[in-house]
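Read through the structure below, which is laid out as structure tokens, and then see the notes.
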Amino acid sequence: MDYEIAFDQDENVYRIYTGYEFAAIGEWVSEYVRELESIQRVLMAARLAETEKETTEFKHGPFDVILSEEGVSVSRQVDLDSAEEEIKAMFDTQESFYQTSTDGIQAECGLEDLINMIENWHEVLQ
């Protein structure tokens, strides 16, 4: 997985930037895996998935995270209910043309990639 850890001057914090296909993973780690305890929990879950084939699920805000022996899967739910009328108005009489979805974005990567990213992230945050 290609990623970059950089300082976000607007928010005055470090963030993980990834390509579109891994955006949900980068956003989840940047926003919810910041304290030492959460970093350790994620690394422990990844190691358990690797060695014991144990599956761990996390729910952080809009993120649903599943760590298993196949890797990590992150889904970010999106709430478009408030924007639904505005989106439909853009299509005037073609209201049925566009249906809002709350599926959000999803990303997957291998455990080794996740572990490397989290370890690098931990070093940057120290």
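For the single chain, residues carry numbers from 1 onward in sequence order. This is a predicted model, so every value here is computed, not measured.
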Problem set entry | Whether over 12 other heavy atoms sit under 6.0 Å from Glu21 CD | yes

Exercise. Is the number of heavy atoms from other residues, nucleotides or ligands under 6.0 Å of Tyr20 OH greater than 12?
Worked result: no

Exercise. Do Phe22 and Tyr3 have their ring centres less than 6.0 Å from each other?
Worked result: no

Problem set entry | Short side-chain to backbone donor-acceptor contact, Ser30 and Ile16, under 3.5 Å | yes

Exercise. Are Arg15 and Glu31 close enough for a salt bridge, meaning some N to O gap below 4.0 Å?
Worked result: yes

To check you understand the geometry: which heavy-atom pair defines the closest contact between [X] and [Y], and what is its length?
| X | Y | value |
| --- | --- | --- |
| Ala24 | Ala107 | CB-CB, 4.0 Å |
| Ile105 | Ala23 | CD1-CB, 4.3 Å |
| Val42 | Leu67 | O-CD2, 4.3 Å |
| Ile25 | Cys109 | CD1-SG, 3.8 Å |
| Arg34 | Leu125 | O-CD1, 3.5 Å |
| Met1 | Asp113 | N-OD2, 3.5 Å |

So how far is it from [X] [atom1] to [Y] [atom2], rounded to the nearest 0.5 Å?
| X | Y | atom1 | atom2 | answer |
| --- | --- | --- | --- | --- |
| Glu69 | Glu50 | CD | CD | 10.5 Å |
| Glu70 | Lys53 | CD | NZ | 9.5 Å |
| Arg41 | Glu37 | CZ | CD | 6.5 Å |
| Glu54 | Ser68 | CD | OG | 11.5 Å |
| Ile118 | Ile39 | CD1 | CD1 | 7.0 Å |
| Glu119 | Leu43 | CD | CG | 6.0 Å |

Can you hop from [X] to [Y] via hydrophobic side chains spaced under 4.5 Å?
| X | Y | result |
| --- | --- | --- |
| Leu111 | Leu48 | no |
| Ile66 | Val72 | no |
| Val74 | Tyr17 | no |

Exercise. Is there a side-chain contact between Arg47 and Ile115 (heavy atoms, below 4.5 Å)?
Worked result: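 Sidechains of Ile115 and Arg47: in contact.
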
Exercise. Taking the inter-plane angle between the rings of Tyr32 and His60 on a 0 to 90° scale, is it parallel (under 30°), tilted (30 to 60°) or perpendicular (over 60°)?
Worked result: parallel

Exercise. Parallel, tilted or perpendicular for Tyr14 and Phe7, by the 30°/60° rule?
Worked result: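 Perpendicular: the ring planes of Tyr14 and Phe7 meet at over 60°.
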
